[in-house]
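Labels below follow one simple rule: chain letters A, B, ... track the order of the sequence lines, proteins then strands, and each chain is numbered from 1.
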Number of protein chains: 2
Amino acid sequence: MATIREVSKHANVSVATVSRVVNGNKWVSDSTREKVLAAMKELGYQPNSFAKALATNKSDTVGMVVSDLGGPFFGDMMRAAEDEVRKLGKHLIITSGHDTLDSEQDAIEFLMQRRVDALLLHLDSIPDEDIIKLSDTANIPIILMNRLIPELPDQCISLDNDMGGYLATQHLIELGHTNIACITGPLFKADARSRLAGYRRAIEQAGMEYDERLVIESDYQEAGGKASIERLRRRNMRFTGVVAQNDHMAIGAMNALKMHGLSVPDDVSVVGYDDMVMARYTEPGLTTVNIPVAQFGQQAANLALSRLGEKTGKIFQHFQPELVVRGSSGPAPK
Amino acid sequence: MATIREVSKHANVSVATVSRVVNGNKWVSDSTREKVLAAMKELGYQPNSFAKALATNKSDTVGMVVSDLGGPFFGDMMRAAEDEVRKLGKHLIITSGHDTLDSEQDAIEFLMQRRVDALLLHLDSIPDEDIIKLSDTANIPIILMNRLIPELPDQCISLDNDMGGYLATQHLIELGHTNIACITGPLFKADARSRLAGYRRAIEQAGMEYDERLVIESDYQEAGGKASIERLRRRNMRFTGVVAQNDHMAIGAMNALKMHGLSVPDDVSVVGYDDMVMARYTEPGLTTVNIPVAQFGQQAANLALSRLGEKTGKIFQHFQPELVVRGSSGPAPK
DNA sequence: AGGTTTAATGTAACCGGTTACAGTGAGCTT
DNA sequence: AAGCTCACTGTAACCGGTTACATTAAACCT
């Protein structure tokens, strides 16, 4: 692999001149530039990115941590972020946090050691304080995706989860439902708490009473959704609507309801959250709340790049969810 | 950020000694090691990976090119590959080839410039010859995923697509179907051709005649599956079974059949290929051919690592698909 | 005691770029 | 013609590690 010095010998110029040509510095005469370009082409010269990074202390690399490299949710986010980053000739290094505290910390350390220029983080387990500390000590832009940390408002790309919970619940209320259950994610997660708050707000605003017995804390898994229906039945709670805090649980709930001979949506309406691919394919199609996942990735990347002074333009940081109505929700039975 | 020289001053030793401690070289006395470790901790020393890469000409990084960062197919592959790579303290850099020739070449060039230690490639558009050339010139391991290049058999992780096509078709034959249509992917792609060959083999082996009019070349998209059913009907072909070469097209086909008032599987049986997540959620569940996607990623990573001499053990390179029977296939109607 | 081995450590060149600074010569001013 | 710009180019230090080789001192022969 040819080095800059070989190129400089070949073209009869100094290394500084070659470097100038490579980096588009204007203080090079046309004839010299030609010579250098010819030599570069002849030797198949490719600059060594490590040497460059070492000398400039910049890696032209953006790091991203996601909870899970699989999963359609993150796929769209990664794709969108990579598009933005590569437009500027930079790389995206993606690592997985595997949804555990250790692994998330490990992933961040990994990327910091790689001296990424910025960090796009989707974290589930690391608490706010640690992120704030990281943001203070690391002297690179740190962007949080799908999370709102009050102390770092201008580094967050977030969704109004309260509004999402509200929309889902309000939809069922409008359809005439008066007994609406809620299956939540783990309530130590902020998004689950916000969605629940939105549910409660809708209930109370409609003049109904918030009944804790209709709320089941679950785990964001399909099996959890199923189990939640069983728990509701064992509590002898009457309900004609179910707001699940994600699509997995909603699908589990639908299956459990069917298994008990109940029809969705004739007997019970079900609303999900996330609008994952399968929501379109269930029978009936799942009414759910859409999250602009690709936007998260895109705007997070743009926010980071603008922090680095490499990009200008408006950046949207706070997104509103939208209700997607399909077949799983209908008028309340008489 | 502390450098190795600062640490060496702090511990009253030379840089060489610090380097030895960091890299676990045994020619260091216990007392010195203690001193150095203490100094490292005190200064919060983190080795600069670029300096290391520059000096050793190794990046501890494996590059991966996938067609699409979204899509459940690649998610599982990436996750499995990352797991393996990180077990050895290395990084996976993933870039997207976006399913186009230019973009795939670009992604490879990107990664080569980053001096990755090995390359895991899932390529759709780059022809065999170019890959062979790349493999010859690049002096790092190049591993192909889900592709079999005859000239590079020991660098390929592949699936027996012929067998997959055969299994799907044979399944319908066993159920008594005698008129079985096939909806293929773009036939310039090798996997589509192999799957079609398997279809034909099953048909002919059962003593039936291969009828070109029952074969529709499509595009691996849901809309394409739908359109293919329309074309079959316009051709006035009678069929009670459909073998689609991926799940997207199978789902499109199912929807089209339903739209024409036909029941799946009572009137027409449908078999897909890939066993994507949604195959479980359609109504009825989609009978399909499973691809061990995670295995691809895992074994590709292991193959690369073993080529680098960093790992030993058996590696599986050639996989057999398996039929997953769900509700979309049933006995042929009388 | 002198020579040899062995363990532990240090010195300095090197990896391949960037860039501050110095230097050169042509063209322009006065 | 001397002085001054200005455009262009070169020299060499530097980024932060690795590692071949030199050095040192203690231990172990015979």
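- One N or O on the side chain of S49(A) and one on the backbone of Q113(B) form a donor-acceptor pair closer than 3.5 Å.
- The separation between W27(A) atom CH2 and dG10(D) atom P is 17 Å, rounded to whole Å.
- I143(B) pairs in a side chain to side chain contact (heavy atoms under 4.5 Å, CB included) with only one of the listed residues (V62(B), L305(B), L303(B)), which is L303(B).
- Atom NZ in K52(B) sits roughly 18 Å away from atom C1' in dG16(C) (whole-Å rounding).
- The separation between R114(B) atom CZ and dG16(C) atom C1' is 15 Å, rounded to whole Å.
- In this structure, a donor-acceptor pair under 3.5 Å is absent between the side chains of R86(A) and T95(B).
- A salt bridge links D76(B) with R79(B); the closest basic N to acidic carboxylate O contact falls under 4.0 Å.
- Considering only side-chain N and O atoms, N23(A) lies under 4.0 angstrom from the phosphate OP1 or OP2 of dT18(C).
- Comparing T32(B) and L54(B) by the nucleotide of DNA chain C whose heavy atom lies nearest to each, the residue mapping closer to the 5' end is T32(B).
- The environment of CG in D99(A) is crowded: more than 12 heavy-atom neighbours from other residues, nucleotides or ligands sit within 6.0 Å.
- At whole-Å resolution of the value, OH in Y45(B) and C1' in dG16(D) are 7 Å apart.
- Look at CZ on R115(B): it is 14 Å from P on dC15(C), rounded to the nearest Å.
- At dG17(D), none of the side-chain N or O atoms of S19(B) fall inside 4.0 Å of OP1 or OP2 (strictly under the cut-off).
- Partner of M64(B) under the side chain to side chain contact (heavy atoms under 4.5 Å, CB included) criterion, chosen from M145(B), H122(B), E82(B): M145(B).
- Contacts with DNA chain C (heavy atom under 4.0 Å) in residues 5-18 of chain A: R5(A), A16(A), listed by number.
- The interatomic distance linking I4(B) (CD1) with dC15(D) (P) rounds to 14 Å, in whole Å.
- Side-chain polar atoms of K311(B) and N302(B) form a donor-acceptor pair below 3.5 angstrom.
- Whole-Å rounding puts the N57(A) CG to dG17(D) C1' distance at 14 Å.
- Listed pair T56(A) / dG17(C) fails the phosphate criterion, with no side-chain N or O lying under 4.0 Å from OP1 or OP2.
- Put simply, the side chain of I126(A) reaches to within 4.5 Å of the side chain of L101(A), judged on heavy atoms.
- With the end axes of the helix from dA1(C)-dT30(D) to dT30(C)-dA1(D) each set by five pairs, the angle from one to the other reads 50° at 10° resolution.
- Looking at H98(A) and D83(B), their side chains do bring a donor and an acceptor atom within 3.5 Å of each other.
- Distance, R20(A) CZ to dT18(C) P: 11 Å, rounded to whole Å.
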